[in-house]
2 protein chains.
Amino acid sequence: MATIKDVAKLAGVSPSTVSRVIAGSNRISLETKNRVQRAMEQLNYVPNAIARSLARSHTHTIGFALSRRADQAFSNPFFSEVMRGMSTVAQARGYNILLSISLNPEDELSKCLQLVRERRVDGLILSTSRVKDPLIAALSEEEAPFVVIGRCMERPVLSVNNDNVKAGYNATVHLLEEGYREIAYLSGASDLVVTIDRMNGYKQALIERGLPLVEERIGVADFSEQDGYEALCQMKERGVSLDAVVASDDLLALGALQFAERYGLRVPEDLGVVGFNDTPLMVYTHPPLTSVRILSYELGVEAMDLLIDALENPDKKRLKKEIVLPSELIVRGSSRRRGKAE
Amino acid sequence: MATIKDVAKLAGVSPSTVSRVIAGSNRISLETKNRVQRAMEQLNYVPNAIARSLARSHTHTIGFALSRRADQAFSNPFFSEVMRGMSTVAQARGYNILLSISLNPEDELSKCLQLVRERRVDGLILSTSRVKDPLIAALSEEEAPFVVIGRCMERPVLSVNNDNVKAGYNATVHLLEEGYREIAYLSGASDLVVTIDRMNGYKQALIERGLPLVEERIGVADFSEQDGYEALCQMKERGVSLDAVVASDDLLALGALQFAERYGLRVPEDLGVVGFNDTPLMVYTHPPLTSVRILSYELGVEAMDLLIDALENPDKKRLKKEIVLPSELIVRGSSRRRGKAE
DNA sequence: CTGTTAGCGCGTTCAC
DNA sequence: GTGAACGCGCTAACAG
């Protein structure tokens with residue numbers, strides 16, 4: 001494998017000259033430039049990225065942290081889409097993506113710190129955020145550049161989020177307008193900021209319409225259909241009445257559908273259901289699932305752009321920008337009973 | 001950020017000594033070893049991975065190539081699972097994963113070559129294989145270490161695959177045993193080795209049972225429900241009769257379900273359907289989808305292990321091992337009509 | 001415009 | 001057992 005020296009030798013110049021034509025320096029004669037380029041082609045020369053990184057002390061690599069719970073949570077294409085978005089930008093701006101999948105938040109923390117301290121990545125993108133997130137705290141202390149997909153409640157950070165409060169609010173209002181009154185909320189892991197925000201939107205809608213906020217109608221479940229199903233069954237068995245469910249994830253909404261089946265409830269007549277993420281396959285549930293569409297691809301795009309901007313403009317680094325992307329409620333059969341025969 | 005020199009200075013030794021305790025050299029006195037370790041802790045020292053890579057001329061990083069069509073194809077968790085498997089092994093063996101998502105095979109080729117030539121990765125894992133795959137050819141010529149998830153028809157390569165021919169065969173035999181006789185096959189992109197293998201299994205089953213092999217019953221579609229739907233509609237409109245479908249992907253099977261609805265065919269009575277991948281959400285289709293379960297997580301595990309083994313045992317490098325993992329047909333409502341009232 | 005000199009941070013002989 | 005010296009391949013500051 002040819003090195004910069006080989007090229008220099010062949011072209012009859014010094015390595016630094018070669019380095020200059022690679023960098024596209026303008027103070028270089030057209031003639032030697034051509035000569036060098038010919039030599040590079042002839043030797044099939046490609047600069048060694050590692051050596052470059054060492055010399056310039058940055059890697060042009062971004063780490064993406066995914067903890068397994070998050071991963072399985074969204075066995076829907078949410079993260080695939082985010083990654084596609086990130087990847088598009090990374091590609092365009094000359095960056096690479098290093099993947100870090102962990103089994104739990106503790107591992108995630110140590111692996112991310114490792115990546116940063118080893119200087120393997122220039123910055124990190126975090127896939128979710130929790131209340132008092134230790135990872136965010138550690139990274140902040142380390143002064144490592146990072147952006148979180150989600151929101152940080154404790155301190156200003158670079159972040160890209162969707163309007164979860166509003167989305168939760170809209171979903172709930174929609175159910176109210178369809179005539180549902182006893183609306184339950186299915187939360188994901190209770191320390192995830194997303195699910196808390198969505199819940200707050202839900203609460204806000206109820207309060208605004210003067211409806212009672214029944215704590216027993218709020219169920220906490222891991223992001224899985226099974227858990228969603230069980231949470232609702234427990235509610236029912238405790239004698240809590242409900243005629244609709246706002247589920248903070250489509251998988252949980254699926255659990256709600258199962259729950260309806262178990263108790264012989266008709267959807268949407270007896271139970272209205274709305275989920276989150278608008279997972280493509282949810283079109284095929286019976287009835288098709290109403291869901292909040294999240295701009296996951298765009299989330300990835302914005303996150304990567306934000307991080308690279310911060311990286312490349314050290315002056316702006318201190319400005320902790322927070323981007324919020326809109327969501328859209330996609331109404332389908334699972335929540336539309338207005339005008340239907342009762 | 002502390003360097004090896006800082007540690008050396010603090011411990012009152014030379015950098016090479018520090019290097020030795022990092023490497024776990026045994027010819028070092030316990031005393032200085034402890035002294036160095038204390039210094040490392042005190043300075044919160046972590047070796048710079050880039051400098052290491054340069055000195056040792058390998059990165060401990062594996063590239064994973066995904067081309068977008070493959071990605072969207074499997075908006076099911078197939079690749080997530082593969083990645084989880086790869087990640088587990090990578091973690092355990094001290095490797096990192098660099099992600100390379102491309103929009104098309106051409107981009108994929110150039111990006112992968114780039115990664116290898118830049119020496120950014122020690123090796124690559126390819127997510128799919130095509131007939132006369134240019135990427136495989138290029139990588140072979142480059143003598144870059146890589147393993148393909150799938151199979152290479154032209155030359156021996158390191159590969160991890162599932163038993164697609166047998167799986168296609170089993171799926172078809174199952175339909176035959178359920179009494180279906182006019183079985184169609186829905187292929188994915190016609191140059192993907194997976195889909196070809198599955199088709200050959202399908203053909204073999206028909207031939208074995210003495211049934212005619214009707215070329216018109218083989219439809220080619222991209223991996224999407226829409227395409228699957230359209231392929232079958234075209235078949236129908238051309239007057240081709242069919243009473244069952246083997247779809248090389250669950251999404252295509254979904255298209256078959258749509259097709260059935262469109263033409264008022266009852267599933268499984270009038271149309272039997274079996275898909276591939278056993279996507280979790282397919283349990284919720286009506287009726288639940290029969291599908292071939294692929295060991296995607298294990299595929300990732302084996303691929304990563306195979307690659308790292310080859311990397312770390314240069315002597316074995318020449319041995320082009322090909323691993324095949326079993327699959328399992330999960331029978332559900334969409335293909336079970338035996339014993340049912342007709 | 002171009003070459004020389006010094007690193008970037010670490011691994012690895014080769015001596016002592 | 002330990003240190004000095006050199007090299008990995010490239011960039012950057014300084015001359016000229």
Side-chain angles (χ1 to χ4, degrees), chain A residues 1-40 43-61 94 96 114-122 312, chain B residues 1-37 39-40 43-61 94 114-122 312:
Chain A
M1 188 109 299
T3 77
I4 202 171
K5 285 181 188 169
D6 302 327
V7 177
K9 206 169 292 173
L10 182 60
V13 297
S14 80
S16 26
T17 303
V18 178
S19 180
R20 287 195 188 94
V21 346
I22 293 172
S25 165
N26 44 349
R27 44 180 202 166
I28 214 166
S29 83
L30 190 66
E31 191 213 357
T32 55
K33 186 172 169 182
N34 288 141
R35 200 143 38 89
V36 168
Q37 279 172 339
R38 268 205 308 280
M40 297 204 303
L43 293 174
N44 221 311
Y45 171 74
V46 178
N48 181 317
I50 302 299
R52 272 188 128 162
S53 296
L54 184 58
R56 309 209 290 204
S57 63
H58 62 244
T59 59
H60 265 215
T61 301
N96 286 96
Q114 174 101 350
L115 287 180
V116 168
R117 295 214 246 245
E118 279 186 331
R119 304 245 156 259
R120 219 181 259 284
V121 299
D122 293 343
E312 298 185 346
Chain B
M1 187 110 301
T3 78
I4 201 171
K5 285 181 190 169
D6 302 326
V7 177
K9 206 169 294 172
L10 182 60
V13 297
S14 80
S16 22
T17 303
V18 179
S19 180
R20 286 193 188 95
V21 344
I22 294 172
S25 166
N26 46 347
R27 41 175 204 167
I28 214 165
S29 81
L30 191 66
E31 191 216 353
T32 57
K33 187 172 169 183
N34 287 142
R35 200 142 39 89
V36 168
Q37 280 173 337
M40 297 204 302
L43 293 174
N44 221 312
Y45 171 74
V46 178
N48 180 316
I50 302 300
R52 279 188 121 162
S53 297
L54 185 59
R56 308 207 292 204
S57 64
H58 62 244
T59 59
H60 266 215
T61 301
Q114 174 101 350
L115 287 181
V116 168
R117 294 215 248 247
E118 280 185 330
R119 303 246 160 262
R120 219 180 260 281
V121 299
D122 292 343
E312 298 186 345

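First the proteins, then the strands, lettered A, B, ... as listed; each starts at 1. Keep in mind it's a predicted model, so treat the numbers as computed, not measured.
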Just compare [options] and give me whichever is closest to any side-chain atom of [X].
| X | options | answer |
| --- | --- | --- |
| Ala51(B) | dC10(D), dT2(D), dG9(C) | dG9(C) |
| Arg56(A) | dT11(D), dT2(C), dA4(D) | dT11(D) |
| Arg20(A) | dG11(C), dT2(D), dA13(D) | dA13(D) |
| Ser16(A) | dA12(D), dG9(D), dC10(C) | dA12(D) |
| Leu54(A) | dG9(C), dT11(D), dT2(C) | dG9(C) |
| Ile4(B) | dC8(D), dG11(C), dT2(C) | dG11(C) |
| Ser29(A) | dC10(D), dC1(C), dG1(D) | dC1(C) |

I'd like to know if Ser19(B) reaches the base of dT12(C) with its side chain, counting only an N/O donor and acceptor under 3.5 Å.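 It does not, because no donor-acceptor pair links the side chain of Ser19(B) to the base of dT12(C) below 3.5 Å.
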Compare all side-chain heavy atoms of Gln37(A) with those of Arg35(A) and state whether any distance is below 4.5 angstrom.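 No, every pair of side-chain atoms sits at 4.5 Å or beyond.
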For Asp122(B) and Thr59(B), does a side-chain donor sit closer than 3.5 Å to a side-chain acceptor? yes
So, is Arg52(B) close to the dG11(C) phosphate, meaning a side-chain N or O under 4.0 Å from OP1 or OP2? yes
Under 4.0 Å: is that the gap between some side-chain N or O of Ser14(B) and OP1 or OP2 of dG3(D)?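 Checking dG3(D) against Ser14(B), a side-chain N or O does come within under 4.0 Å of OP1 or OP2.
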Taking Arg20(B) for the side chain and Ser25(B) for the main chain, is one N or O donor matched with an acceptor at less than 3.5 Å?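 The answer is no, because no donor-acceptor pair under 3.5 Å joins these two groups.
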Mapping Ile28(B) and Pro47(A) to their closest nucleotides on DNA chain D, which lands nearer the 5' end? Ile28(B)
